[in-house]
Amino acid sequence: MSKRFPFAEVEPRWQKYWLENKTFAAGDDTSKPKFYCLDMFPYPSGAGLHVGHIEGYTATDILSRYKRMKGFNVLHCTGWDAFGLPAEQYAVKTGVHPAITTKQNIDNFRQQMQRAGLSYDWDREVDTTDPAYYRWTQWIFLKLYERGLAYVAEIPVNWCPELGTVLANEEVVDGKSEVGGFEVIRQPMRQWVLKITEYADRLLDDLRMVEWPNGTLIMQKEWIGRSTGAEVDFALDGVKGNLRIFTTRPDTLFGATYMVLAPEHPLVDVLTAPAQREAVSAYVEATRRKSDLERQQDKKKTGVFTGGHAINPVNGEKLPIWIADYVMMGYGTGAIMAVPAHDERDWEFAREFGLTIREVVSGGDVQQAAFTETDEGTIVNSTAPDGAFSIDGLTPDTAIPKITEWLATRGLGQKAVNYKLRDWAFSRQRYWGEPFPIVWTDGRHHPLPESQLPLRLPDLQEYKPSGTGESPLANAAEWLATTDPETGAPARRETNTMPQWAGSCWYYLRFIDPKNPGALVDPAKEKYWMPVDLYVGGAEHAVLHLLYARFWHKVLFDIGVVSTPEPFIKLVHQGIILGEDGRKMSKRWGNVVDPNEMIDQYGADSLRIFEMFMGPLEAMKPWSSKGVEGIMRFLDRVWRLYVNEDGSHAFTAEPAPVEALRILHKTIAKVGRDIEDLKFNTAIAQMMVFVNEVNPMPTRSRELLEPFVLVLAPFAPHLAEELWSRLGHTGTLSYEPFPAFDPALVVEDTVTVAVQVNGKLRATLDLPRGAEQAAVQEAAFADERVAKYVTGATIKKVIHVKDKLLNVVVAS
RNA sequence: GCCGGAGUGGCGGAAUUGGCAGACGCACCGGACUCAAAAUCCGGAGCUGCGCAAGCAGCGUGGGGGUUCAAGUCCCCCCUCCGGCACCA
């Protein structure tokens, strides 16, 4: 009857206990050291949690439970990133208010999390769609607005005339709407934009303060894409005005043989010669019809000559001006000087259209390929016609500052820094998002005063798009009509809503003080809990979410709301869990694993441990239901160490033999160390070793078994609580100290030394720890397996690594 | 194309600073218990060759070179897979 761990009865019982007793409520007891352990909170989809969510959540849960036992005040909570498209699309189809669907999904998610035994502080749950929450999202927007970090601009969006709505990138497939397959065009529309570029340098520099995966740091750096170079003005031939270009290679200025403008460049019209007008217009038109994606996918360079020319400021040469879609209006000045000899793209373009390739850095063969090295090669052909200036003979690295300075003193250009990072388009033409606290009068925007927050979403009867490109809020006539809070004049509310990123940009702050009606977060509490010590979530958020959240955090830092420049100190991405067939889990392959089914069949503790046992947290790994079964057998073996078949206690008061204590203390040491390093798979392996070794021993000493329950507790909390109470304790073990290990019991006094001859293993010897070389050598030579190779041979060298190895090198 | 990560038994994976490759689990095989099965417990196993056998020898961490007494680990070249980004001047 009690041969197995009765998880189906035990687990729900303890889950109920934890909830009723608020076991995991984090107090604001600042006398204790704090540990803030954060998961990326989920979007509560209709599909429910999957095993991939559980993986990351279990990892932080184990660490949180461990840290509590280590005496830390642990903040570990979750919430819902609940604004977003799916609930709105469902509402359009069925007329059910997104708030209702969202609530159902949240209830389902919460229930799943509780069934998995996650130790969240449920009193701190936050929901981004709750007006009490989004009031503060709106408040942050007002702060951005006040600081001039939010502005209005015309930005191209994916407009689908047939559907009368703007589409998200993921709703556009191959240039057509995902729903219906209608045409989608890029059309400028009035948008709120956040000036993240103003923080570009700090977002880049402060990456030094965090412990993030290297790949993620690189991705953020590349996304920000800071590059230093020069802006140079080229006079136009026969037309008034200058053409300003950005280049990272001013040292190659003498090698410029043509210019290229982005087709959208404002000077295109002015520069185009009558004879070229038709070709230019056709090209501009063709570019306009291309999506960004198509524009990027075209491998072959295309372009058209405008008929206009620019004058190279260093040598007075006349350079033809082309337009081509490989130059982007959104980066730099939207215009380049083309140096085909030393830029791959310019080289391809020059080859395509038979333009001159002039070498100005020797070191390669520029007729074969562009030579782009800057730390080698020598500048050539780079002396001004009057001989007054030359960079010939320099390396590019030294020539760049020299020519930049020369350009600056002559007023022809100056040093310049450019970023790939662009300002953040911050509005969506949707219903299910935070309304902007903004009203409009006569085309002018005015902020609402803080006292009018939250500005709630109105209830609608109809969630269909307005048809004009405005959000469905444009149909909410009553809500829409308001007055200017300052003058009382009639005003219209902003109909855009904020993107889903908004709520997730600061949720980690609200967990600290979730119910505070008067402030986003109490300053004293913020100072105590921040920064987040560990943040675990998917690598898909490596760039956008993490960059946006860092940006907001820095703004909040500047206005004194938060006390740290960076929000997340340590970051870890859990790997993807593949289906049993090694393919990505998806409905299409029928390989999706439902955590509820696993819990029904094997229990939550088995599921938790298996997810951690599969391999390193960061690795991608395939699921195995057989593997969960194996873990269940392990937990059953643990159970039987404590509980006899008739249900009576197996443990005794007798002292434990020293060999048993050794394995216990080794296990305590390894499991503790591995949890801190997030190496849960090897921690679990060690606990299995413990059970495998203790199981055959006759002892069931409490001295041995009681500490082991505490070691196991972070991983299998239900089983551990149950055994703890059977050991005679009342209440929870969640705050019992994690056992300490005795260093003397962790080291063995006998060690196995490998004996090699010429690097090949010939024998292993069990010797007392600390044996000196002479003793080891004597024992080794006495061993016939070694003697066979060394007697009579000339010994050239003997290498001894204490307690590990002896390598005898003999002449062959 | 560029950037990042990874290639270890039949499978998932282990292996402080270079120091016994394959811990732990899955699957498999054998045994005990049982009328039988399930469950449980005990044992076995990288591959190849020789041997009735305890054993012996060789080969082995994607491939090829190198450094070293010693390489999964360090260096060079190549191959494959996965993830991300893609004309950013």
Side-chain angles (χ1 to χ4, degrees), chain A residues 3-4 213-219 221-223 225-227 229 245-249 252 260 262 293 295-299 301 324-328 330-339 342-346 348-349 418-422 539-540 542-543 573 575-576 578 582 584 609-610 613-616 618-631 633-634 636-637 640 645 673 679 681-689 691-692 695-696 752-765 785 788 796-810:
Chain A
K3 284 161 81 172
R4 320 195 58 169
N214 199 254
T216 305
L217 290 174
I218 291 169
M219 279 161 77
K221 283 178 194 161
E222 288 194 351
W223 191 265
R226 185 188 146 104
S227 60
I245 59 101
F246 173 73
T247 178
T248 55
R249 293 296 303 276
T252 62
V260 186
L293 205 71
R295 190 161 160 174
Q296 288 157 2
Q297 273 164 352
D298 290 335
K299 283 279 169 275
K301 295 276 181 289
D325 64 6
Y326 80 91
V327 174
M328 306 284 152
Y331 182 77
T333 62
I336 61 160
M337 65 170 191
V339 186
H342 306 291
D343 182 282
E344 280 165 27
R345 295 152 301 180
D346 298 345
E348 282 173 37
F349 190 83
N418 254 303
Y419 302 90
K420 281 197 232 178
L421 183 68
R422 290 182 214 171
E540 65 273 21
V543 178
H573 302 301
I576 295 171
L578 304 170
K584 214 165 181 171
I609 295 186
F610 178 67
F613 187 62
M614 286 192 292
E618 300 87 342
M620 177 189 298
K621 42 214 175 252
W623 186 259
S624 158
S625 293
K626 280 283 180 196
V628 195
E629 216 174 299
I631 299 297
R633 281 201 289 267
F634 163 64
D636 288 339
R637 271 202 297 281
R640 285 192 294 269
E645 211 168 313
R673 191 169 62 235
K679 286 159 68 176
N681 52 335
T682 50
I684 293 162
Q686 180 61 35
M687 292 189 284
M688 289 172 169
V689 169
V691 172
N692 290 347
N695 206 25
T752 306
V753 175
V755 181
Q756 300 178 335
V757 179
N758 284 351
K760 275 196 202 306
L761 182 72
R762 295 302 175 188
T764 55
L765 304 171
R785 292 167 299 180
K788 180 162 134 187
K796 287 163 64 180
K797 198 175 188 181
V798 180
I799 286 111
H800 178 241
V801 181
K802 190 173 272 186
D803 296 337
K804 287 234 155 129
L805 161 143
L806 186 82
N807 187 10
V808 184
V809 185
V810 300

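Residue numbers begin at 1 in each chain, while the letters A, B, ... track the order of the sequences. For the numbers below, each heavy atom of this structure counts, side chains included, while hydrogens, waters and symmetry mates do not.
- A distance of 8.0 Å separates CZ of A/Arg640 from NZ of A/Lys3, quoted to the nearest 0.5 Å.
- Taking the P atoms as reference points, B/G43 lies 48 Å from B/G4, given to the whole Å.
- Scored by the side chain to side chain donor-acceptor pair (under 3.5 Å) test, A/Thr248 finds no partners at all (sequence neighbours excluded).
- Residue A/Arg785 contributes atom CZ, which lies 10 Å from atom P of B/G55 at whole-angstrom precision.
- Its glycosidic angle being within 90° of 0, B/G9 falls on the syn side.
- Within the 4.5 Å cutoff, the side chain of A/Arg226 has no heavy atoms near those of the A/Leu421 side chain.
- In this structure, the CG atom of A/Leu761 is 12 Å from the P atom of B/G58, given to the nearest Å.
- Proximity of A/Lys760 to the phosphate of B/C59: a side-chain N or O atom is located under 4.0 Å from OP1 or OP2.
- B/U73 and B/C20 have their P atoms separated by 14 Å, with the value rounded to a whole Å.
- Residue A/Thr764 is in base contact, counting any heavy-atom pair closer than 4.0 Å across all strands shown.
- Rounded to a whole angstrom, the distance from the C1' atom of B/G18 to that of B/C77 is 22 Å.
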- [ ] Go ahead and write out RNA chain B as dot-bracket, 5' to 3': ( ) for pairs within the strand, [ ] for ones crossing earlier pairs, | when the partner sits on another strand, dots for unpaired; Watson-Crick or G-U wobble, both distances under 3.5 Å.
- [x] (((((((..(((......[....))).(((((.......))))).(((((....)))))..(((((..]....))))))))))))....
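- Rounded to whole angstrom, the span from the CE atom of A/Met328 across to the C1' atom of B/C85 amounts to 14 Å.
- Spacing between B/U61 and B/G13 at atom C1', rounded to whole Å, works out to 13 Å.
- A/Met687 is listed as a side-chain neighbour of A/Ile684, based on a closest heavy-atom distance under 4.5 Å.
- One interatomic measurement links the two molecules: CG of A/Leu765 to C1' of B/G19, which rounds to 15 Å at whole-angstrom precision.
- Looking at every heavy atom in both residues, A/Phe246 comes nearest to A/Gly332 through CB-CA, 4.4 Å.
- B/C35 and B/G22 have their P atoms separated by 41 Å, with the value rounded to a whole Å.
- Heavy atoms of A/Gly225 sit nowhere under 4.0 angstrom from any nucleic acid atom.
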TODO: If a protein heavy atom is under 4.0 Å from the base, mark B; if only from the sugar-phosphate, S; if neither, -; do that for nucleotides 37-44 of chain B going 5' to 3'.
DONE: ---SS---
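- For B/U80 and B/C26, the P atoms lie 36 Å apart once the distance is rounded to whole Å.
- Rounded to whole Å, the distance from NZ on A/Lys804 to P on B/A15 is 14 Å.
- Within 4.0 Å of A/Lys788, counting heavy atoms only, lie sugar-phosphate atoms of the nucleic acid but no base atom.
- Among the nucleotides B/A23, B/C20, B/A27, the one closest to any side-chain atom of A/Ala685 is B/A23.
- B/A71 and B/G65 are spaced 14 Å apart, taking the P atom of each and rounding to whole Å.
- Residue contacts for A/Lys626: at a heavy-atom cut-off of 4.0 Å it reaches the sugar-phosphate backbone alone, with no base atom in range.
- Nucleic acid contact for A/Asn418: none, since no nucleic acid atom lies under 4.0 Å from a heavy atom of the residue.
- Side chain of A/Asn758 to main chain of A/Val810: a donor-acceptor pair is present (N/O by atom type, distance under 3.5 Å, no hydrogens or angles).
- In this structure, A/Lys420 contributes its side chain and A/Tyr331 its backbone to no donor-acceptor pair below 3.5 Å.
- A/Pro213 comes within 4.0 angstrom of no nucleic acid atom, judged by non-hydrogen atoms across all strands.
- Shown here are the side chain to side chain contact (heavy atoms under 4.5 Å, CB included) partners of A/Lys797, two or more places apart in sequence or in another chain: A/Ile799, A/Val809.
- The side chain to side chain contact (heavy atoms under 4.5 Å, CB included) search around A/Asp346 returns A/Tyr258, A/Tyr326, A/Ile336, A/Ala338, A/Pro340, A/Asp343, not counting sequence neighbours.
- Between A/Asn681 and B/A14, a side-chain N or O to OP1/OP2 separation shorter than 4.0 Å is present.
- Taking CE from A/Met614 and CG from A/Leu578, the interatomic distance works out to 9.0 Å, rounded to the nearest 0.5 Å.
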Tabulate protein N/O versus nucleotide N/O from nucleotides 1-12 of chain B, keeping only pairs under 3.5 Å, one per line.
| unit_1 | atom_1 | unit_2 | atom_2 | d |
| --- | --- | --- | --- | --- |
| B/G12 | O2' | A/Met614 | O | 2.8 |

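- A/Lys621 places a side-chain N or O within 3.5 Å of a backbone atom of A/Ala619 that can act as its donor or acceptor partner.
- Distances shorter than 4.0 Å separate none of the side-chain N or O atoms of A/Thr682 from OP1 or OP2 on B/A23.
- Following rounding to the nearest Å, A/Leu578 (CG) and B/C82 (C1') show an atom-to-atom distance of 10 Å.
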Filtered N/O pairs between nucleotides 67-69 of chain B and protein, under 3.5 Å:
| unit_1 | atom_1 | unit_2 | atom_2 | d |
| --- | --- | --- | --- | --- |
| B/C69 | OP1 | A/Lys797 | NZ | 3.4 |
| B/C69 | O2' | A/Asn807 | ND2 | 3.2 |
| B/C69 | O2 | A/Asn807 | ND2 | 2.6 |

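- For A/Thr764, the side chain to side chain donor-acceptor pair (under 3.5 Å) criterion is met by no residue, not counting sequence neighbours.
- Distance, A/Met688 CE to B/G13 P: 15 Å, rounded to whole Å.
- Partners of A/Asn418 according to the side chain to side chain donor-acceptor pair (under 3.5 Å) rule, which considers only residues two or more places apart in sequence or in another chain, do not exist here.
- Here A/Lys679 pairs with nothing under the side chain to side chain donor-acceptor pair (under 3.5 Å) rule; sequence neighbours left out.
- Sparse packing is recorded around CD of A/Glu344, with 12 or fewer heavy atoms of other residues, nucleotides or ligands lying under 6.0 Å away.
- Here A/Val798 pairs with A/Gln773, A/Gln777, A/Ile795, A/Leu806, A/Val808 under the side chain to side chain contact (heavy atoms under 4.5 Å, CB included) rule; sequence neighbours left out.
- Mapping A/Phe610 and A/Ala619 onto RNA chain B by nearest heavy atom places A/Ala619 at the nucleotide closer to the 5' end.
- One can find a donor-acceptor pair under 3.5 Å joining the base of B/C87 and the side-chain atoms of A/Lys301.
- When the nucleotides B/A86, B/C24, B/A57 are ranked by their closest atom to the side chain of A/Arg762, B/A57 comes out on top.
- A gap of 32 Å separates the P atoms of B/A70 and B/A54, to the nearest Å.
- Every side chain to side chain contact (heavy atoms under 4.5 Å, CB included) that A/Lys802 has, sequence neighbours left out, goes to A/Glu772, A/His800.
- Rounding to whole angstrom units, CZ of residue A/Arg673 and P of B/A15 are separated by 11 Å.
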